[in-house]
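Bear in mind the structure is a predicted one, so any value in this text is a computation, not a measurement. Quick note: residue numbers are just sequence positions, from 1.
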Amino acid sequence: MYDVIVVGARCAGSPLAMLLARKGYRVLVLDRAAFPKDTVSTHYVQPSGLARLRRWGLLDRLTATGCPPITEAVWWFGDDLSVRGFAPPYEGVAMALAPRRTVLDALLVDAAREAGAEVRERCTVRSLLRDEAGRVEGVRYHCRGQEHTARAALVVGADGRNSLVARETGPEKYHERPPLTVVYYAYWRGLPPRRRHLNEVYLMGDKQIGVIPTHDDVCLIQVARPHSFFSTYRTDIEGHYHKAIAEAAPALARELADGAERVGRFRGTADLGNFYRKPYGPGWALVGDAGYHKDPLTGQGISDAWRDAELLADAVDRVWSGTEEWESALAGYERTRNAASELIYEFTCEAAGFDLDPMTRQLVRVVAAHQEDADRFFGMIAGSVPGEEFFAPDNLLAMLGRLPADALAELNGTKGIR
């Protein structure tokens with residue numbers, strides 16, 4: 001009998017297990033992978049996420065792996081319009097990192113084990129166990145050729161957007177948006193040294209391109225197209241990938257043609273729905289992408305998973321220490337998660353939708369022209385500038401007020417940012 005069974009040992013599951021084990025709880029973690037093992041991911045970690053990693057005592061361990069610090073960002077909204085800068089520090093952290101998931105996930109699994117959690121790899125959870133009242137009380141799983149059961153007071157789904165725990169418990173979905181993009185990416189070696197600390201994003205018509213430095217002097221380059229392009233994209237992934245770069249980022253295309261080497265195969269997905277799920281019920285909870293998922297354009301997934309792991313661990317500890325009732329504590333977990341994510345969720349969905357409205361485009365022009373505004377824009381994405389502060393009407397009006405009169409006239413009749 002365990003206190004908690006965590007289904008999934010990657011970016012949400014291992015930190016949750018680590019935090020609960022550090023509080024003295026008996027935790028079992030089950031994952032079908034054997035680590036280190038890669039997974040589809042653009043693996044960008046915001047400064048807010050790294051600040052949590054430092055609080056947990058793991059940031060120095062990650063930086064020691066040689067992942068280059070990202071200290072500059074450029075977002076292109078057209079050939080003649082770019083926003084350059086970087087987020088203000090978050091709790092003293094003034095960089096982002098994009099570690100390969102083979103490195104990051106193994107580090108997190110090791111940290112969970114060191115904290116006292118029992119982590120079983122190559123184990124596939126088949127179904128949930130329930131008591132006579134229907135409350136979840138454990139799992140059935142397959143491991144090394146045998147079927148097993150394990151029971152716990154709480155089962156947590158940290159098993160991604162297609163979570164088995166969510167599928168079997170059927171929680172409500174809300175604020176749902178359909179998939180907006182299809183993304184394929186590859187790793188490239190031999191790009192100019194200036195890219196070693198630079199995150200570059202191109203939002204050009206119906207093409208989104210991201211360039212992210214990672215381990216071993218390699219850059220991840222992703223190319224996203226509208227979700228409706230999926231069937232066409234998959235007929236010739238490499239051809240459509242390079243065609244999009246040539247049309248939307250010709251300078252990058254020249255860099256690739258000038259001796260860059262692709263490392264490994266193309267990877268990607270069109271399974272990029274945008275949604276929230278109610279993250280708890282009798283005997284179960286959800287964390288990470290299992291409970292809340294959005295398009296990867298703004299690079300929030302890992303940092304959000306770590307935030308929510310902290311929130312859930314604290315909520316569960318309050319329940320079991322007798323300071324708060326289950327319903328109150330877990331409802332608070334849901335409210336706090338939603339309040340912390342709702343504005344960046346809306347911004348991400350709009351930016352990933354290939355259709356910025358006129359006011360947003362003009363706002364981008366203001367941000368591009370004023371360095372303090374540009375850094376605060378990146379801070380809003382990174383978590384070091386609260387979204388409610390950046391999108392506050394007074395702040396938006398102040399920024400728009402810096403537009404020249406002719407640009408303001410163009411906005412006549414607009415109703416504001418969606």
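P99 has its side chain within reach of V45: a pair of non-hydrogen atoms, C-beta onward, lies under 4.5 Å apart. Annotation: side chain of M95 is not in contact with side chain of I70 (no heavy-atom distance under 4.5 Å). Side-chain contact between P88 and V385: present, with at least one pair of heavy atoms (C-beta onward) separated by less than 4.5 Å. L297 has its side chain within reach of V201: a pair of non-hydrogen atoms, C-beta onward, lies under 4.5 Å apart. Inter-residue side-chain proximity for L363 and L396 is flagged as met; some heavy-atom pair is nearer than 4.5 Å. In this structure, L164 and V7 have side chains that are not in contact, with every pair of non-hydrogen atoms separated by 4.5 Å or more. With contacts defined as side-chain heavy-atom distances shorter than 4.5 Å, the pair N395/L397 does not qualify. Within the 4.5 Å cutoff, the side chain of S163 has no heavy atoms near those of the R167 side chain.
Between V27 and A17 the shortest heavy-atom distance is CG1-CB, 3.8 Å. R177 and C349 make their closest contact through NH1-CB, 3.2 Å (heavy atoms, listed as atom of the first residue, atom of the second, distance). G387 and L343 get closest at one heavy-atom pair: C-CD1, 3.2 Å. The minimum heavy-atom distance between A246 and A253, with the atom names listed, is CA-CB, 3.8 Å. Closest approach of A153 to W320, counting heavy atoms only: CB-CZ2, 3.9 Å.
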Please tabulate, one pair per line, all N/O donor-acceptor pairs under 3.5 Å involving side-chain atoms of residues 372-382, not counting sequence neighbours.
from, atom 1, to, atom 2, distance (Å)
D373, OD1, R402, NH2, 3.0
D373, OD2, R402, NE, 3.2
D373, OD2, R402, NH2, 2.6
D375, OD1, F86, N, 3.0
D375, OD1, Q371, NE2, 3.0
R376, NH1, E389, OE2, 3.2
R376, NH2, E389, OE2, 3.1

Without placing hydrogens or testing angles, list every side-chain donor-acceptor pair under 3.5 Å for residues 104-114, not counting sequence neighbours.
from, atom 1, to, atom 2, distance (Å)
D105, OD1, R101, NE, 2.9
D105, OD1, R101, NH2, 3.4
D105, OD2, R10, NH1, 2.5
D105, OD2, R101, NE, 3.1
D105, OD2, R101, NH2, 3.2
R113, NH1, E121, OE2, 3.1
R113, NH2, V119, O, 3.0
R113, NH2, E121, OE2, 2.8
E114, OE1, R61, NH1, 3.3
E114, OE1, R61, NH2, 3.1
E114, OE2, R61, NH1, 3.3

What pairs of donor and acceptor atoms, side-chain ones from residues 259-270 against any protein atom, are under 3.5 angstrom apart with sequence neighbours left out?
from, atom 1, to, atom 2, distance (Å)
R262, NH1, G264, O, 2.7
R267, NH1, D38, OD2, 3.3
T269, OG1, D271, N, 2.9

For residues 188-195, which side-chain N or O atoms pair as donor and acceptor with protein atoms under 3.5 Å away, sequence neighbours left out?
from, atom 1, to, atom 2, distance (Å)
W188, NE1, Y241, OH, 3.0
R194, NH2, E255, OE2, 2.8
R195, NE, E255, OE1, 2.7
R195, NH1, E200, OE1, 2.6
R195, NH2, E200, OE1, 2.9
R195, NH2, E255, OE1, 3.3

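No donor-acceptor pair under 3.5 Å is formed between the side chain of S328 and the backbone N or O of E324. With D295 contributing its side chain and A352 its backbone, the two residues share no donor-acceptor pair below 3.5 Å. Using modelled atom types, no side-chain atom of T102 and backbone atom of K37 make a donor-acceptor pair closer than 3.5 Å. With hydrogens and angles ignored, the 3.5 Å screen pairs a side-chain donor or acceptor of R337 with a backbone N or O of G291. Under a 3.5 Å cut-off, the side chain of Q300 and the backbone N or O of T298 do form a donor-acceptor pair. Put simply, the side chain of R277 gets close to the backbone of R161: a donor and an acceptor are under 3.5 Å apart. Within the 3.5 Å criterion, the main-chain N or O of A98 finds a donor-acceptor partner in the side chain of T214. Between the side chain of R22 and the main chain of W56, a donor-acceptor pair closer than 3.5 Å is present.
Dense packing is recorded around NZ of K173, with more than 12 heavy atoms of other residues, nucleotides or ligands lying under 6.0 Å away. More than 12 heavy atoms of other residues, nucleotides or ligands shown are found within 6.0 angstrom of CZ on R55.
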Under the side chain to side chain contact (heavy atoms under 4.5 Å, CB included) criterion, do E310 and W306 qualify, and how do the steps go?
CA-CA 6 Å; E310 272 193 339; W306 294 350; over 6 Å; no
Run the side chain to side chain contact (heavy atoms under 4.5 Å, CB included) check on L272 and L180 step by step: do they pass?
CA-CA 7 Å; L272 295 170; L180 301 167; over 6 Å; no
Pair L252-I209, side chain to side chain contact (heavy atoms under 4.5 Å, CB included): steps then yes or no:
CA-CA 10 Å; L252 175 61; I209 298 165; 3.9 Å; yes
Any chance you could lay out the side chain to side chain contact (heavy atoms under 4.5 Å, CB included) test for R307 and S48, step after step, and finish with the verdict?
CA-CA 9 Å; R307 177 200 65 216; S48 57; over 6 Å; no
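Between atom CZ of residue R225 and atom CG of residue D206 there is a gap of 4.0 Å, rounded to the nearest 0.5 Å. In this structure, C219 SG and Y185 OH are separated by 14.5 Å, a value rounded to the nearest 0.5 Å. How far CD of E247 is from OH of Y202: 14.5 Å, rounded to the nearest 0.5 Å. Rounding to the nearest 0.5 Å places CG of L30 at 13.0 Å from CZ of R32. Rounded to the nearest 0.5 Å, atoms CG (L20) and CG (D3) are 8.5 Å apart. Between D304 atom CG and D289 atom CG the span is 8.5 Å, to the nearest 0.5 Å.
A cation-pi contact, defined as under 6.0 Å to the ring centre and within 45° of the axis, is absent between R126 and Y141. Note that K278 lies outside the cation-pi zone of Y276, set by a 6.0 Å cut-off to the ring centre and a 45° limit from the axis. A cation-pi arrangement is absent between K294 and Y345, since the terminal nitrogen or guanidinium carbon is not both under 6.0 Å from the aromatic centre and inside a 45° cone about the axis. The cationic atom of R100 (NZ for Lys, CZ for Arg) lies less than 6.0 Å from the six-membered ring centre of Y187 and within 45° of the ring axis.
Using modelled atom types, one finds no donor on one side chain facing an acceptor on the other under 3.5 Å when comparing H240 with T232. There is a side-chain donor-acceptor pair under 3.5 Å between Y174 and N338.
Aromatic ring orientation, Y184 versus F230: parallel (interplanar angle below 30°, classes split at 30° and 60°).
Ion pairing between a basic and an acidic side chain is recognised when a charged N comes within 4.0 Å of a carboxylate O; R196 and E72 show no such pairing. Using a cutoff of 4.0 Å between basic side-chain nitrogens and carboxylate oxygens, R120 and E118 are scored as salt-bridged.
Judged as a side-chain contact (heavy atoms from CB on, under 4.5 Å), and not counting sequence neighbours, the contacts of Q146 are H148. Residues passing the side chain to side chain donor-acceptor pair (under 3.5 Å) test with D317, sequence neighbours excluded: Y25.
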